[in-house]
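Here is the structure we will look at.
What you see below is based on every heavy atom in this structure, not just the backbone, and it leaves out hydrogens, waters and symmetry mates. Residue numbers start at 1 and run along the sequence shown. Both ligands and their constituent atoms are indexed starting at 1 by order of listing.
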Amino acid sequence: MRFLFSCSKAAVLLSSAAILVLLAAVSLKAAPSPADGKKLSIYWVDVEGGAATLIVTPAGESVLIDTGMPGVRNPGRIHRVAREVAGLGKIDHLIVTHMHLDHFGGAAEVAQLIPIGHVHDNGIPDQDPDGNANNRSFPLTIKPYREMKAERRSILRPGDELLERKAPPGMPKVSLRCVAAKQKFAPPKAGAARSKPNPGCDNVEAKPVDTSDNANSIALVLEFGSFQFFVGGDMTWNVEAGLVCPLDRVGQVDVFQVNHHGLDVSNNPILVRTLAPTVAVMSNGISKGCGPESFKTLKSTPSIKAIYQIHKNLRRDSENNTLAEHIANPAEQCAANHIELSVSADSKSYTVSIPATKHSASYASQ
Ligand SMILES: [Zn+2]
């Protein structure tokens with residue numbers, strides 16, 4: 001018995017040692033590192049001339065910016081990209097940049113398809129946000145958005161930071177900061193060169209005042225180490241100038257989501273040139289957006305190496321289109337192809353792809 005006991009004791013000691021070795025091996029393998037495949041991803045969903053941009057951080061925190069139009073089609077497309085492409089079970093944050101139907105319209109239906117955590121917007125108006133007294137149906141139009149299921153709701157203000165999860169160990173920090181809302185701007189970031197007067201502001205021309213809710217759009221800057229992305233909803237000309245003149249409150253970015261689907265009441269050259277992006281992505285429709293002036297500005301901005309469009313512009317002014325390989329949906333009967341961007345774990349480079357056409361191109365972060 002004694003022998004057996006000591007033998008089994010030795011066996012226990014041996015097996016404990018083996019377990020420790022095994023645990024050490026497992027913990028070594030499980031140690032989080034950038035090589036684990038964690039990355040920052042951005043998806044532009046085709047919502048036919050609306051906007052729906054999905055961001056997933058390396059910590060798995062997800063942000064949907066705008067939701068396209070109401071109905072089955074757009075919310076269904078957003079849901080498919082969120083679940084099947086990004087692998088999400090929940091959208092942590094929804095940001096509605098302004099109260100136009102092509103931005104808030106799909107929200108209530110998206111919320112029925114996938115749980116939504118925190119909803120951020122400019123505040124829900126009781127009447128038409130463009131001041132159109134004849135639009136008596138607005139209270140009914142906004143009702144599903146007002147009543148949609150969400151865990152929390154907040155009004156976003158310039159300077160607010162949205163993300164809550166910490167970056168995985170060894171990876172750069174991610175922040176998503178509101179830089180403009182309701183025509184008010186966040187102060188330039190402390191200590192940044194951005195707080196200097198912008199030398200390009202001397203000859204900026206104003207356009208007639210925009211009294212629509214487009215001017216009130218929320219604008220955001222996503223920052224992940226060296227990588228920066230600007231998204232400004234349907235912000236219009238004079239407000240765009242105000243954001244970067246006389247002080248540049250944003251600074252240089254890598255990727256610019258072309259404002260307002262590429263319409264010419266937006267995309268003031270002073271904004272585009274100050275942001276100095278390498279890549280521009282346009283959420284346009286077959287006949288909406290992709291305006292000649294906006295296109296001219298994008299093409300003549302020296303920093304821009306590639307312009308991507310969610311749709312081919314099928315109007316008569318077909319010269320206002322980017323390279324065929326940079327268009328996600330070239331035909332009228334579209335397949336709802338999305339554009340995808342993935343930033344490397346060290347944030348120093350990023351790849352823009354159109355998975356359906358197998359297009360893929362990489363760019364260095366600035
Ligand atoms: Zn819009």
Side-chain angles (χ1 to χ4, degrees), residues 42-55 63-71 73-75 77-78 94-110 119-125 128-132 135 138 141-142 144-145 156 178 180-183 207 210-220 229-240 243 256-268 271-272 280-295 297-298 308-311 313 315 320 328-329 334 336 338-339:
I42 305 173
Y43 307 89
W44 286 271
V45 183
D46 175 21
V47 286
E48 306 283 348
T53 308
L54 178 65
I55 299 166
V63 184
L64 174 65
I65 305 172
D66 292 326
T67 61
M69 299 286 283
R73 184 181 67 184
N74 289 348
R77 291 177 180 181
I78 294 167
L94 165 65
I95 302 166
V96 169
T97 57
H98 63 295
M99 292 300 156
H100 283 166
L101 204 57
D102 56 330
H103 295 259
F104 76 79
E109 282 144 316
V110 171
V119 178
H120 312 256
D121 56 35
N122 259 342
I124 305 174
D128 182 279
D130 298 344
N132 179 4
N135 182 7
F138 185 78
T141 312
I142 198 76
Y145 177 71
L156 209 52
C178 172
K182 291 248 171 197
Q183 305 179 45
K207 283 199 175 180
D210 174 18
T211 56
S212 80
D213 207 43
N214 291 324
N216 295 323
S217 287
I218 288 167
L220 303 137
F229 167 52
F230 177 91
V231 51
D234 288 357
M235 178 181 269
T236 41
W237 195 269
N238 297 348
V239 184
E240 290 172 324
L243 181 59
F256 169 55
Q257 177 172 310
V258 179
N259 279 344
H260 208 176
H261 324 285
L263 286 163
D264 288 347
V265 290
S266 300
N267 303 300
N268 191 327
L271 175 74
V272 183
V281 182
M282 193 188 291
S283 191
N284 63 312
I286 55 170
S287 60
K288 181 178 174 186
C290 228
E293 287 301 316
S294 292
F295 219 80
T297 300
L298 296 174
Y308 286 82
Q309 287 169 219
I310 200 82
H311 263 282
N313 161 23
R315 293 185 311 252
N320 295 312
N329 297 285
C334 89
H338 69 279
I339 299 174

Residues two or more places apart in sequence or in another chain: which of them pass side chain to side chain contact (heavy atoms under 4.5 Å, CB included) with D130?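 By the side chain to side chain contact (heavy atoms under 4.5 Å, CB included) rule, D130 matches H100, D128, S212, D213.
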The Zn ion (ligand 1) neighbourhood, protein N/O/S only, threshold under 2.8 Å: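 You should have found D102 OD2, H103 NE2, D234 OD2, H261 NE2.
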Is H261 reaching over with its side chain to a backbone N or O of S283, donor-acceptor style, under 3.5 angstrom?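 Confirmed, H261 side chain pairs with S283 backbone.
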Expected output: side-chain R73 to main-chain E48 donor-acceptor under 3.5 Å: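 Here the side-chain-to-backbone pair does not exist.
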Would L298 and N267 satisfy side chain to side chain contact (heavy atoms under 4.5 Å, CB included), going step by step from the backbone distance to the final call? CA-CA 9 Å; L298 296 174; N267 303 300; 5.6 Å; no
Distance-only side-chain donor-acceptor flag, T236 / N214, under 3.5 Å: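 On atom types as modelled, these side chains do not qualify, holding no pair under 3.5 Å.
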Strictly by modelled atom types, are H98 and N122 linked by a side-chain donor-acceptor pair under 3.5 Å?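 Distance-only check fails for H98 and N122.
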